[in-house]
Amino acid sequence: MRRDASARRDALIDAAAACFRRGGYLVPLEDIAAAAGVGRGTLYRNFRDRMALVVAVFEREVERLERGFDRALPIEAAILAMAEQGAGTVGLFNRMAADMTFDADSRAAFEALSMRLEGVLQPLVARAHADGSLAATVTARQVTLAMRMIAGLMLPHQLPEDRTRIRAEALALIREGLRPR
């Protein structure tokens, strides 16, 4: 892809994320194009429809989580770190999900993103199984779910110390189900 075309695509994804945060899933596509400084035709040359744009926003978020993730962390610290890093993404998804209609393609796209995240966590899960800090029956999918649950509790207006306390309390509740018995 040419550099200018790539820059326009990136601008559209940035604008879409910002517009979806403010206006939800049903924000007019014209608003997204205007916020990106492009015409509606450029939006449709890059994204076939609204859902393709949504998927691109979340693909970028998963890539950001993958890049920023410390694979050396112990499993509990990894869950908390990913919850903190992914709180905005989980909040955005929850804000939009009520208005989204999932067809087979969009379900498959979101499932693929979920599997990518699970793939990032799989080595940590295997290590935690080996060192006994995670029940052998707990999967990377379940650890991802725990992370999403904790991230869903993070609100933008919370004070840092409140976020830390809430994350710790939520993990303590989840931990009881994750510990080997």
Side-chain angles (χ1 to χ4, degrees), residues 10-11 13-27 31-32 35 53-100 102 109-129 131-135 137-181:
D10 289 344
I13 295 170
D14 292 341
C19 289
F20 288 145
R21 276 188 175 82
R22 280 192 308 273
Y25 176 72
L26 298 175
V27 66
D31 291 359
I32 295 171
L53 186 54
V54 168
V55 169
V57 167
F58 287 105
E59 282 175 341
R60 178 178 283 170
E61 289 299 309
V62 169
E63 289 166 5
R64 182 183 60 78
L65 285 172
E66 285 174 328
R67 279 191 312 273
F69 186 63
D70 181 354
R71 286 158 175 77
L73 290 173
I75 193 70
E76 289 187 7
I79 291 170
L80 293 177
M82 277 196 114
E84 184 66 32
Q85 292 171 12
T89 303
V90 170
L92 176 60
F93 182 81
N94 291 342
R95 169 141 173 52
M96 294 175 18
D99 294 323
M100 292 168 45
F102 293 94
F110 277 101
E111 180 63 22
L113 289 173
S114 181
M115 290 176 66
R116 273 179 65 186
L117 205 50
E118 291 167 30
V120 169
L121 288 171
Q122 184 55 49
L124 276 76
V125 169
R127 190 177 71 227
H129 287 158
D131 71 18
S133 61
L134 187 66
T137 57
V138 176
T139 66
R141 181 174 287 262
Q142 291 167 323
V143 171
T144 302
L145 178 60
M147 179 274 300
R148 289 177 53 205
M149 291 165 61
I150 294 170
L153 299 171
M154 305 290 99
L155 301 173
H157 66 274
Q158 290 170 328
L159 297 173
E161 59 270 18
D162 291 338
R163 288 173 74 97
T164 299
R165 179 185 47 76
I166 290 167
R167 281 193 337 248
E169 289 174 1
L171 184 59
L173 286 171
I174 292 171
R175 186 183 313 122
E176 295 308 313
L178 299 179
R179 263 190 213 220
R181 298 197 190 322

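Since we're looking at a predicted model, the values are computed, not measured.
- Salt bridge present: E61 and R64 bring a charged side-chain N and a carboxylate O closer than 4.0 Å.
- Between F93 and F58, the ring-plane angle classifies as perpendicular under the 30° and 60° cut-offs.
- We find the CG-CD1 distance between L171 and I79 to be 5.5 Å, quoted to the nearest 0.5 Å.
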- Message: Could you go through V125 and T139, starting from their C-alpha distance and side-chain angles, then the distance that decides it, and tell me whether this counts as side-chain contact (heavy atoms from CB on, under 4.5 Å)?
- Response: CA-CA 7 Å; V125 169; T139 66; over 6 Å; no
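- Between the R167 side chain and the L153 main chain, no donor and acceptor come within less than 3.5 Å of each other.
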- Task: Using the side-chain contact (heavy atoms from CB on, under 4.5 Å) rule, take I166 and L155 through it: C-alpha gap first, then chi angles, then the decisive distance, then the call.
- Result: CA-CA 10 Å; I166 290 167; L155 301 173; over 6 Å; no
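- Separation of atoms OG1 (T89) and CE (M82) is listed at 10.0 Å; rounding is to 0.5 Å.
- Between the side chain of S114 and the backbone N or O of F110 there is no donor-acceptor pair closer than 3.5 Å.
- Distance CD/E111 to CD/E118: 6.5 Å, rounded to 0.5 Å.
- When atom types are taken as modelled, the side chain of R71 and the backbone of L124 share no donor-acceptor pair closer than 3.5 angstrom.
- The CD atom of Q142 sits 8.5 Å away from atom CG of L134, with the distance rounded to the nearest 0.5 Å.
- Note that CD1 of I75 is 10.5 Å distant from CG of L80, once rounded to the nearest 0.5 Å.
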- Message: Before you tell me yes or no, could you show the steps for N94 and V90 under side-chain contact (heavy atoms from CB on, under 4.5 Å), namely the whole-Å CA-CA distance, both residues' side-chain angles and the distance that decides it to 0.1 Å?
- Response: CA-CA 6 Å; N94 291 342; V90 170; 3.6 Å; yes
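- Between the CG atom in D14 and the CG atom in D10 there is a gap of 6.5 Å [rounded to 0.5 Å].
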